[in-house]
Every structure is written in structure tokens, then in C-alpha cells.
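Below is one structure; the comments refer to it alone.
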2 protein chains.
Amino acid sequence: MDEFGVPGGRRLPKNFITPWVLLVLKQWSLHGYLILQQLNRMGFSDVDHATLYRELRRLEGQGFVASEWETGGSGPARRVYRITSAGEEVLLGWAEVVSGYQRMINGFFDLYAQAFGFALPADGGEGGRSGVPDLGDGEGDGDGEGEGAH
Amino acid sequence: MDEFGVPGGRRLPKNFITPWVLLVLKQWSLHGYLILQQLNRMGFSDVDHATLYRELRRLEGQGFVASEWETGGSGPARRVYRITSAGEEVLLGWAEVVSGYQRMINGFFDLYAQAFGFALPADGGEGGRSGVPDLGDGEGDGDGEGEGAH
DNA sequence: TCATATATGTGTTATAAGCACATATATGGA
DNA sequence: TCCATATATGTGCTTATAACACATATATGA
């Protein structure tokens with residue numbers, strides 16, 4: 001038993017980061033290290049880099065993302081990922097899945113309020129919206145498509 | 001690749017049902033078959049019964065739930081589960097975890113709206129609340145605590 | 001007699017999250 | 001010059017577990 005008694009501890013649910021990775025790459029073309037930081041900024045606490053890098057290779061193997069090396073610039077070479085059109089399609093499917101999670105979570109807190117007499121613990125879904133910034137302090141990147149999507 | 005192209009398909013995220021199971025048992029004392037139906041009613045589509053039964057035994061092994069056989073009544077014997085005080089404690093921890101999921105999901109749909117030009121696919125979190133009924137058509141059960149919690 | 005609903009289990013496999021370990025470049029400080 | 005740190009990407013291995021297939025038993029109604 002670990003952490004605060006939660007079995008599995010701080011282990012993330014299986015397949016949980018996948019839709020976030022695809023969505024981040026829909027919006028920006030980034031290399032792994034920056035994707036990692038973006039995920040952390042979106043509420044994932046300290047994503048394991050091995051998990052992310054392997055997930056990216058898996059998504060590339062499926063044809064949902066593509067990558068090319070970016071040498072030039074300072075520091076080690078970066079493998080920059082972009083989403084493919086196949087990736088955009090599965091992202092739509094994933095959005096439905098995440099929407100399903102959202103409904104389940106709303107149901108959870110409804111019942112939670114019933115069971116505990118309306119004493120929600122944290123943000124409890126008061127409609128908050130997290131307010132994801134436009135890539136905080138990052139590169140800026142520019143990209144190719146992205147903006148024109150609409 | 002399966003289902004509608006979503007890799008991992010209809011596989012649930014790891015440890016996803018655990019907090020729901022604990023919460024349902026906080027509210028009602030039920031046997032597995034009814035817990036299954038309640039989970040389905042809360043948005044889980046067709047939870048695998050083997051997964052649930054093993055999860056219940058695991059939670060019992062951890063001391064978070066307890067069970068006793070209920071013979072008498074028609075049909076096969078039922079193993080009726082109730083949450084323990086240790087289970088109520090971890091449920092509080094799980095609620096924080098679920099709240100974290102909720103923040104991540106809100107962040108997902110924020111970015112989704114940015115990336116796709118404000119075209120959310122399904123319910124998209126408009127504040128909806130799922131409206132979990134009081135155990136739909138089930139037994140009624142009675143239980144012991146539950147109501148007095150407040 | 002047979003199908004179905006109720007109710008609970010076990011055997012096995014595939015997958016992937018997390019940890020430890022490894023490598024390389026560039027920068028800034030002692 | 002050496003060393004620590006940030007950046008950046010990877011592999012090896014273990015372990016947990018979700019899903020599937022398979023199995024069992026009781027009661028009811030056709």
C-alpha cells in the first residue's frame with residue numbers, strides 16, 4: 001500500500017495521457033521535452049518521461065503522429081512531433097471517450113455530495129475551467145498549420 | 001487498433017472504477033451484481049464483471065470493504081459488501097484524485113476549444129450534472145447508516 | 001427440457017506505467 | 001579545467017491489472 005492508502009498510488013490510469021498528447025500536438029508541433037512540460041502544466045503531476053517518449057513512439061508506429069529530428073539550435077537534438085490526419089481522426093474519438101470520463105466524474109461528485117451531505121473536498125467541479133495558458137513561457141514555435149484550422 | 005480507432009479501445013483507464021465502487025458502497029451496501037448495474041447507470045458502459053469481482057476481493061484484502069454471504073431470498077447466494085472505516089478514509093484520498101482528473105479534463109476541453117475553434121463534440125462539460133437517480137429500480141436495500149451521515 | 005436472468009467465481013494473456021539506468025550536448029560557476 | 005545542472009532522448013525490467021474466455025450454481029418461465 002502506498003501514498004495515502006490509494007492502491008496503485010500515484011500511478012496514472014492506463015491510456016490517460018494519450019488524448020492529451022494528441023490534442024497538444026493538434027495545437028502545437030513540439031518535441032517530447034516540451035510536451036512533458038505542457039502536460040505538467042495541464043494538471044498531470046510529474047509525468048514520467050520514459051512513459052511519454054514510449055507513448056510518442058507508439059503513436060508514431062500507429063501513424064497518428066510523425067516526427068523529424070531538429071538539429072541546429074543549442075543543446076541536444078530534438079525530435080519534433082506533429083499530428084497526422086489519421087491522428088486528428090482518432091483525436092475526435094478520444095474526445096468522446098474523455099467526454100464520457102467527464103460524465104462519470106460529474107456522476108461521482110453528485111453521489112459524493114449525497115453520501116457526505118454536500119461537502120465537496122476540492123474544486124469539486126463548480127464550473128471552474130482551468131484556464132490553460134497559451135504555452136506559458138515556451139518557445140512560441142510558430143508551427144505550420146495549427147492557426148488556420150478553422 | 002480497435003473500436004472507433006481509439007487504441008486501447010473500450011479498455012477503461014487503470015484503477016478507474018475503484019473510487020466509484022467505494023463511493024457506491026459508502027452510500028449503499030450492495031452485492032456485486034447490483035454494484036455492476038449501478039456503475040453502468042453512472043456512465044460506465046458494460047463493466048466487465050470479472051474485473052469488478054476481483055476488484056472487490058482486492059479491496060476486501062486491503063480492508064477497505066467487508067462482505068458477508070446473504071443466503072435466503074430467491075436466486076443464488078449474494079455476497080453483500082459494505083465499506084469499512086479504513087475504506088471511507090481512502091475514499092477521501094480518491095476523491096482528491098478524481099478531482100485532479102476533473103481539472104485535467106477541463107483543461108482538455110479548454111484546449112480542445114482553442115484547437116478546433118470552439119466546436120465541442122458531446123456534452124463538453126457545460127455544467128450538466130448527470131443526475132444520478134436514487135438507485136433506479138433496484139432493491140431498496142435499506143442498509144444501516146447512509147442517511148444519517150449529515 | 002431448455003433458455004434466460006441472477007449471481008459469483010478462476011485461468012490466462014496482453015499491455016503499459018513506473019522505476020532504474022544510460023547517453024549526449026550546452027551553459028555557468030568554482 | 002572540472003563539475004553540476006538543464007536540456008533532450010532513449011532502453012531494460014518489473015509489476016499491476018483490464019479484458020477475455022471459461023466455469024458453476026440457483027430460480028423462473030416457456
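Convention: sequence-line order gives letters A, B, ...; per-chain numbering from 1. Computed from a predicted model, the values in this text were never measured in an experiment.
Side-chain proximity of A/Ser74 to D/dA27, C/dT27, C/dG9: nearest is C/dT27. Here the side chain of A/His49 is nearest to one of D/dA18, C/dA22, D/dT28, namely C/dA22. The nucleotide whose nearest atom lies closest to any side-chain atom of A/Asp48 is, among C/dG11, C/dC19, C/dG9, C/dC19. Here D/dA18 is the nucleotide among C/dT8, D/dA8, D/dA18 with the atom lying nearest to any side-chain atom of B/Thr51. The side chain of A/Ala50 approaches D/dT11 more closely than any other nucleotide in the set C/dT6, C/dA17, D/dT11.
Computed from coordinates, the B/Gln37 CD to C/dT6 P distance equals 6 Å when rounded to whole Å. In this structure, A/Glu55 places its CD atom 6 Å from P of C/dA17, rounding to the nearest Å. Rounded to whole angstrom, the span from the CG atom of B/Leu30 across to the P atom of C/dT8 amounts to 10 Å. When the P atom of C/dG9 is taken as reference, atom CZ of B/Arg78 falls 13 Å away, rounded to whole Å. Straight-line distance from the CG atom of A/Leu52 to the P atom of D/dA8: 13 Å, rounded to whole Å. Atom CD in A/Glu60 sits about 12 Å away from atom P in D/dT9, given to the nearest Å. Rounded to a whole Å, the CG atom of B/Asn40 is 12 Å from the P atom of C/dT6. Distance B/Phe16 CZ to C/dA16 P: 17 Å, rounded to the nearest Å.
What you find for B/Val65 and B/Leu25 is that their closest heavy atoms are CG1-CD1, 3.7 Å.
Considering OG1 of A/Thr51 and CD1 of A/Ile17, their distance stands at 6.5 Å, rounded to 0.5 Å.
Contact of A/Arg79 with D/dG10 (side chain to base): no donor-acceptor pair of N or O atoms is detected under 3.5 Å.
By the side chain to side chain donor-acceptor pair (under 3.5 Å) test, B/Ser67 pairs with B/Glu60, B/Arg79, sequence neighbours left out.
Regarding contacts with the backbone of D/dG10, every side-chain N or O of A/Tyr53 stays at 4.0 angstrom or more from both OP1 and OP2.
Residues B/Met42 and B/Val24 meet the side-chain proximity criterion, which asks for heavy atoms closer than 4.5 Å.
Nearer to the 5' terminus of DNA chain C, by closest-nucleotide assignment, is the contact made by B/Arg57 (compared with the other of B/Arg57 and A/Arg54).
With B/Trp20 as reference, A/Phe108 is the one residue of A/Tyr112, A/Phe109, A/Phe108, A/Tyr101 to meet the ring pair (Phe, Tyr, Trp, His ring centres under 6.0 Å) rule.
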